[in-house]
Amino acid sequence: MQRIRRLVRVIPRERRRSYLATIPLSAFNGVLDLATVAVAGRLAGSLVGQNLNDLIPNINVFNESQGSQVLWLVLILVVLSWVSSSTKLFLRVIQEKLNAQVWRDISDTILAKVVGQPYEYFLTEKSSAISAQIMTNLQRFSERIIYPTLLITSSTITIFILSIALALTLGINGIILLTLLGIAFFLISSLVIPYLRHASNQRVRLDNLASSLLNQIFYSIRDIHLTQRGSYFESKFVKAGQSAKSFEWISRLLPDVPRLLIEPLAITLIFAAALIPRLGKLGSEELAITLIPFVSTFVVALVKLTPPLQDLFRSISQLRGALPQIDAALKYLELPKPKRAFISKEGLSPEGIFPRREISLHNIGYRYPESDQAALRSISLNIPVGSRIALMGPTGSGKTTLSSILLAHLEPTTGQVRLDGIPLNESDISAWQRCCSEVPQNISLLDASILENIAFGQPDEQIDHDEVWDAICAAQLYETVTEMPHGLYTCVGENGVNFSGGQRQRLALARAFYRKTKFLILDEATSSLDEKTEADVISSLEIIGRRCTTVVIAHRLNTLSKCDQIYEIKDGIVTSSGTYNDLCNPNHPLGMSVKE
């Protein structure tokens, strides 16, 4: 129950109110079923010649002839049946809509919370597991937790009302009957639930594994073609599917087992309670006249009681067996409040946060999660606003980690990032990141048009096409775009598959230029460009001038020649620094490192 309460707390209040609104309708359905059972009993009594007295004064319906009684009762029974079925259909529509709304609410909440987590979160979480949770497991979560909860509510109310009627009719026998059914269900479900939970756990695990395998296959398709290893990956996926198949049918079958066993038991007990007390006390004709209305009432009651009992037993079994799926959803639903990716109403604006003099790092140290070795150690450097500095060093030396700290993707383990001497606080990160852009070596592009990739997340009606073209020209992409048949509306394909490596990098540069970024990091951003195009891009940076503070991570001397200061990073520390002239001096530490 604690898990259910935790789940209820994250469901929007509007949905909780909608859920409460289904209770009166469920009660009305129960009353209609009770009235149907009562009328059916009176109809059976009328058909065998029993005298039925009016219970409401001055309304002479049943004191007329037997034929009139039967006609009236048949008419009432037909009307009750139509009204009852209509209200049940209406209730089911409400439940289905509410179930879909809650599913979307939970999916949207998980996405918002995950997207808003700090970058470090994604260093330890698998994206395939998150995707599987949002798309696949939450659908099952809806089917096996949200919808069963709604059915339990409506079924319990209907069963409660009909059970009161049965208890009043059978007396102590009715109470004993209901108690025995409850004990039988508890014993059967206690045997089933452990296997159902195990099956649910395995389904979550195998779904995540299958999603991960698919991502690996699609991302490695070029290597799979070259190595001819398709059969290896196919066999792994088939093996995971075979394992999931057994748990799939088990998890679908087990919730029905208690119902399939309880249903014949209930029929047996009801008829035993009706017949046994009367056997030997009445003659066959009197027994028939007495039992026909009695048994008819219970047959109709059983018809009305069976569907909610089925829903109740199945839903309880599903809910108890689906606890692992609740845990999987709560893992994401109870993440801390999003602090990234969304414009914060708190803190400073981008204009207010950006420094006028310098961006500085003071004694920066960083250790990646689950790592024993520090990636950065006691790094201090100043970046004057409007300057262009370079970071150079061997692969794995800490250059990209340092750029991630400058962009506030990573929070330093020790030390501070300062803007004009003021430490960058948590509340200011949103404003600071809106000042920044990054062009990495491995570009991530949307499966959309050139226009959408450059504007990146900006609604169509807010896009300034003139500024888009200015950004395209600055990124030396004008001729490429104008030669394409659909121009700005040409689709780049999944992650830019329709573009060359150089075109993808220039598209990422155009995105940065369009944002009019004030702090730009180029992480090997010109590595896929030929020398002429690289020179043109560097010239574009010159055109932008000192309005943009730039940090360049590069190895090409041509790129480094345009930088005001160069820092060499080795083993997570700054080993030397100087200008491009120092880099060309074989006697300077920078020049010596190039010579090596």
Asks: Mind running side-chain contact (heavy atoms from CB on, under 4.5 Å) on E438 and Q433 for me, showing each step along the way?
Replies: CA-CA 10 Å; E438 176 187 24; Q433 289 187 326; over 6 Å; no

Asks: Mark yes or no for whether R504, through its side chain, and F499, through its backbone, hold a donor-acceptor pair below 3.5 Å.
Replies: yes

Asks: What are the two closest non-hydrogen atoms of N498 and C491, and how far apart are they?
Replies: ND2-O, 3.3 Å

Asks: Donor-acceptor check, side chain of S404 to backbone of H409, threshold 3.5 angstrom: yes or no?
Replies: no

Asks: Drop me the distance from I405's CD1 to T413's OG1, to the nearest 0.5 angstrom.
Replies: 7.0 Å

Asks: Return the CD to CG distance between Q416 and N425, rounded to the nearest 0.5 Å.
Replies: 8.5 Å

Asks: Ignoring hydrogens, what is the shortest heavy-atom contact between D464 and Y514? Give both atom names and the distance.
Replies: N-OH, 3.2 Å

Asks: Identify, with sequence neighbours excluded, every residue that meets side chain to side chain donor-acceptor pair (under 3.5 Å) alongside T401.
Replies: Y368

Asks: Hey, are the side chains of V492 and E452 touching, using non-hydrogen atoms and a 4.5 Å cut-off?
Replies: no

Asks: Checking F247 now: which residues fulfil ring pair (Phe, Tyr, Trp, His ring centres under 6.0 Å) with it, not counting sequence neighbours?
Replies: H198

Asks: Are R418 and L424 close enough that some pair of their side-chain heavy atoms sits under 4.5 Å apart?
Replies: no

Asks: Is there a side-chain contact between V114 and Y121 in this structure, where contact means two heavy atoms from C-beta onward sitting under 4.5 Å apart?
Replies: yes

Asks: Could you give all pairs that pass the side-chain hydrogen bond (donor to acceptor under 3.5 Å, both in side chains) test and reach residues 478-488, with sequence neighbours left out?
Replies: none

Asks: Please find the pair of heavy atoms, one from Q117 and one from F122, that lie closest to each other, and give the distance.
Replies: O-CE1, 3.7 Å

Asks: Please report the closest heavy-atom contact between A475 and L509, naming both atoms and the distance.
Replies: CB-CB, 4.1 Å

Asks: Apply side-chain contact (heavy atoms from CB on, under 4.5 Å) to the pair L361 and L406, showing each step before the final yes or no.
Replies: CA-CA 8 Å; L361 303 177; L406 283 167; 3.6 Å; yes

Asks: Looking only at atom types and distance, does a side-chain atom of Q462 sit under 3.5 Å from a main-chain N or O of P459, one as donor and one as acceptor?
Replies: no

Asks: First locate atom CD of E334, then atom NZ of K113, and finally report the distance between them rounded to the nearest 0.5 Å.
Replies: 7.5 Å

Asks: I'd like to know whether CZ of R16 has more than 12 heavy-atom contacts from other residues, nucleotides or ligands below 6.0 angstrom.
Replies: yes

Asks: Side chains of Y567 and S577, heavy atoms from C-beta outward: is any pair under 4.5 Å?
Replies: yes

Asks: Pick from V552, I569, L590: which one makes a side-chain contact (heavy atoms from CB on, under 4.5 Å) with M392?
Replies: L590

Asks: I'd like to check the salt bridge (Lys or Arg N to Asp or Glu O under 4.0 Å) partners of E467; sequence neighbours left out, ordered by chain and number.
Replies: K516

Asks: Test your reading of the model: is there a side-chain donor-acceptor pair from R506 to the backbone of L477, 3.5 Å cut-off?
Replies: no

Asks: Is it the case that the side chain of D523 and the backbone of V439 share a donor-acceptor pair, with hydrogens and angles ignored and the cut-off at 3.5 Å?
Replies: no

Asks: For the pair I422 and D428, evaluate side-chain contact (heavy atoms from CB on, under 4.5 Å) and give the outcome as yes or no after the intermediate values.
Replies: CA-CA 11 Å; I422 302 173; D428 298 326; over 6 Å; no

Asks: S403: which residues meet the side chain to side chain donor-acceptor pair (under 3.5 Å) condition with it, sequence neighbours left out?
Replies: none

Asks: Between K399 and I553, is there a donor-acceptor pair closer than 3.5 Å when you use the side chain of the first and the backbone of the second?
Replies: no

Asks: For the backbone of I450 and the side chain of N453, can you confirm whether one donor and one acceptor N or O come within less than 3.5 Å of each other?
Replies: no

Asks: Run F519 and V551 through side-chain contact (heavy atoms from CB on, under 4.5 Å) and show every step you take.
Replies: CA-CA 8 Å; F519 183 70; V551 175; 3.8 Å; yes

Asks: If you take all heavy atoms of C436 and L407, which pair is closest and at what distance?
Replies: CB-CD2, 3.5 Å

Asks: If you take all heavy atoms of W432 and A408, which pair is closest and at what distance?
Replies: CD1-CB, 4.0 Å

Asks: Main chain of I146, side chain of N99: is a donor-acceptor contact present, judged purely on distance under 3.5 Å?
Replies: no

Asks: When you compare the side chain of I566 with that of D582, does any pair of heavy atoms fall below 4.5 Å?
Replies: no

Asks: Side-chain polar contacts of residues 376-386 - donor-acceptor pairs under 3.5 angstrom, sequence neighbours left out - could you list them?
Replies:
residue : atom : partner : partner atom : Å
R377    : NH2  : D571    : O            : 2.8
S380    : OG   : N363    : N            : 2.8
S380    : OG   : N363    : OD1          : 3.4

Asks: Tell me, do R511 and L445 make a side-chain contact under 4.5 Å, heavy atoms counted?
Replies: yes

Asks: Is any side-chain heavy atom of D470 closer than 4.5 Å to a side-chain heavy atom of F513?
Replies: no

Asks: Does the S437 side chain pair with the main chain of T517, one donor and one acceptor, at a distance under 3.5 Å?
Replies: no

Asks: Can you find a pair of side-chain heavy atoms, one from V10 and one from I106, that are under 4.5 Å apart?
Replies: no

